[in-house]
Amino acid sequence: METVKALKEWAVTVKALREGRQLLVMRKGGIREKRFDVEFKSFYLYPTYEHQRPELLKPQFRPDLEETLRSAPPPDTVSLSCWAEVTDLFEVQDEEHVRALSPHHIWTDEYLLNRLHWRPKQPLTVMLLRVYRLPQPVSLPLLPQYVGCFSWVDLPASLFAGLRPQPVLDHQEYEARVAPLRALLASMTVPAT
C-alpha cells in the first residue's frame with residue numbers, strides 16, 4: 001500500500017498554522033526517537049491532543065486550545081486538514097536564539113527552553129512551513145500504529161487522492177511574512193542539513 005508522511009503536532013499548533021498565524025514548527029523529536037530528522041520536504045499535519053496544556057502556551061493563545069479541545073474529533077478518530085511544505089530548515093542551540101524567536105510562535109519561552117535542554121546535545125530543529133488547507137478534512141480511524149511519542153506516521157495515500165490543497169497564504173504574502181524570520185534565523189544559526 002502506498003503511503004504518505006504526516007508530522008504529529010499539537011492540534012492547537014496546527015490551528016495556528018492553518019490560520020496563518022504561525023509559520024514555524026520547532027521540534028526535537030519524540031521520546032522514542034534519538035533525534036528529530038526531516039527526511040521529507042512535504043507532509044500532512046497530524047493533530048495530536050496529548051501533552052498540550054494551557055500553561056505551555058502564551059496567554060493570548062490559550063482560548064485557541066480551549067476551542068481546539070471543544071472541536072476535537074471522537075477519541076477513536078484522526079482528522080487532518082492541512083498539508084505543509086518545508087521552505088527552510090535551521091537548528092537552534094542557544095537560549096538567546098530561542099528567546100529571539102518568541103514573537104513568531106504560540107508557545108511559552110519556558111516550554112521551548114525546557115525542550116532545548118532535553119537531550120542537550122541535540123539542537124531544536126526549526127522548520128519554516130508554507131501550509132495548505134485541504135478542501136475538506138480527511139478523517140480516519142485512530143490505529144494503534146499512530147499512537148505514541150514519535151514524530152512521523154505513515155498514512156494511506158489513497159485517502160488524499162485527488163485533493164487539491166489551497167495555500168493559507170499566497171506566495172507573495174508568505175515570502176513577505178517569512179523573510180524577517182528567515183533573516184533572523186540565518187543570522188543566529190546555520191541551516192540544517
Side-chain angles (χ1 to χ4, degrees), residues 5-43 45-66 68-69 82 84-131 148-153 168-169 174-193:
K5 289 293 181 186
L7 175 68
K8 294 171 77 173
E9 184 58 71
W10 288 356
V12 69
T13 304
V14 173
K15 175 179 171 41
L17 292 163
R18 184 179 64 243
E19 294 174 354
R21 293 185 292 144
Q22 180 166 312
L23 304 179
L24 63 82
V25 171
M26 285 192 258
R27 298 299 296 267
K28 209 170 215 190
I31 292 170
R32 292 175 32 188
E33 299 163 327
K34 292 188 178 181
R35 83 176 261 126
F36 181 73
D37 290 312
V38 182
E39 298 174 14
F40 319 99
K41 293 298 183 184
S42 64
F43 43 81
L45 294 171
Y46 179 113
T48 64
Y49 295 85
E50 304 83 24
H51 309 302
Q52 53 182 8
R53 298 190 316 268
E55 66 271 16
L56 303 179
L57 300 173
K58 294 174 185 162
Q60 66 268 33
F61 295 104
R62 291 175 186 166
D64 290 335
L65 176 58
E66 293 169 16
T68 301
L69 294 174
C82 299
E85 288 180 303
V86 178
T87 61
D88 301 86
L89 199 56
F90 297 90
E91 292 180 343
V92 175
Q93 292 186 287
D94 297 324
E95 287 189 10
E96 66 188 80
H97 297 156
V98 170
R99 286 190 180 95
L101 292 168
S102 189
H104 302 283
H105 58 74
I106 66 173
W107 312 291
T108 64
D109 289 348
E110 293 77 20
Y111 167 68
L112 288 178
L113 291 172
N114 284 337
R115 295 296 295 160
L116 178 69
H117 295 299
W118 181 69
R119 292 187 179 152
K121 292 181 182 177
Q122 299 295 330
L124 271 176
T125 299
V126 180
M127 292 184 285
L128 301 184
L129 300 179
R130 184 155 186 225
V131 177
C149 292
F150 50 89
S151 300
W152 300 102
V153 294
V168 170
L169 304 173
Y174 178 78
E175 287 301 320
R177 292 210 20 225
V178 82
L181 187 53
R182 197 178 270 150
L184 174 65
L185 283 158
S187 73
M188 62 188 186
T189 64
V190 289
T193 55

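For reference, positions follow the sequence shown, starting with 1.
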How many angstroms lie between [atom1] in [X] and [atom2] in [Y], if you round to the nearest 0.5 Å?
X: Glu39; Y: Lys41; atom1: CD; atom2: NZ; value: 11.0 Å
X: Met26; Y: Phe90; atom1: CE; atom2: CZ; value: 12.5 Å
X: Leu45; Y: Thr13; atom1: CG; atom2: OG1; value: 10.0 Å
X: Lys28; Y: Glu91; atom1: NZ; atom2: CD; value: 10.5 Å
X: Leu112; Y: Leu116; atom1: CG; atom2: CG; value: 8.5 Å

Could you walk me through whether His104 and Val178 pass the side-chain contact (heavy atoms from CB on, under 4.5 Å) test, one step at a time? CA-CA 10 Å; His104 302 283; Val178 82; over 6 Å; no
Taking C-beta and beyond as the side chain, do [X] and [Y] meet within less than 4.5 Å on heavy atoms?
X: Leu17; Y: Leu24; result: no
X: Leu129; Y: Phe43; result: yes
X: Ser151; Y: Leu7; result: yes
X: Val131; Y: Val168; result: yes
X: Gln93; Y: Gln122; result: no
X: Met188; Y: Asp94; result: no
X: Trp107; Y: Phe61; result: no

Looking only at heavy atoms, what is the nearest atom pair of [X] and [Y], with distance?
X: Leu184; Y: Ala100; answer: CD2-O, 3.6 Å
X: Leu185; Y: Val92; answer: CD2-CG2, 4.1 Å
X: Asp109; Y: Ser102; answer: OD1-OG, 2.8 Å

Tell me every residue that passes side-chain hydrogen bond (donor to acceptor under 3.5 Å, both in side chains) with [X], counting only those two or more places apart in sequence or in another chain.
X: Trp10; answer: none
X: Arg177; answer: none
X: Glu85; answer: Tyr132
X: Glu19; answer: Lys15, Arg21

Check salt bridge (charged side-chain N to carboxylate O under 4.0 Å, His left out) between [X] and all other residues, then give those that pass, not counting sequence neighbours.
X: Glu96; result: none
X: Arg62; result: none
X: Arg182; result: Asp88, Glu175

Evaluate the criterion side-chain contact (heavy atoms from CB on, under 4.5 Å) for residue pair Arg99 and Leu113; output intermediate values, then yes/no. CA-CA 8 Å; Arg99 286 190 180 95; Leu113 291 172; 3.3 Å; yes
Residue set satisfying ring-ring contact (aromatic ring centres under 6.0 Å, His included) with Tyr174, at least two apart, ordered chain then number -> none
Across all chains, not counting sequence neighbours, the ring-ring contact (aromatic ring centres under 6.0 Å, His included) partners of Tyr49 are none
Who passes side-chain contact (heavy atoms from CB on, under 4.5 Å) against [X], sequence neighbours left out?
X: Leu65; result: Val12, Gln52, Pro54, Leu57, Leu69
X: Ala176; result: none
X: Ala16; result: Gln22, Ile106

With no hydrogens and no angle check, is any side-chain donor or acceptor of [X] less than 3.5 Å from a backbone partner on [Y]?
X: Arg130; Y: Leu169; value: yes
X: Lys8; Y: Cys149; value: no
X: Thr68; Y: Asp64; value: yes

Name the residue from Glu50, Glu55, His51 that meets the side chain to side chain donor-acceptor pair (under 3.5 Å) definition with Arg53. Glu55
Pair Tyr46 + Trp152: ring centers closer than 6.0 Å: no
Before you tell me yes or no, could you show the steps for Glu9 and Arg27 under side-chain contact (heavy atoms from CB on, under 4.5 Å), namely the whole-Å CA-CA distance, both residues' side-chain angles and the distance that decides it to 0.1 Å? CA-CA 9 Å; Glu9 184 58 71; Arg27 298 299 296 267; 3.4 Å; yes
Please test Val38 against Met127 for side-chain contact (heavy atoms from CB on, under 4.5 Å), starting from the C-alpha separation and ending with a verdict. CA-CA 9 Å; Val38 182; Met127 292 184 285; 3.7 Å; yes
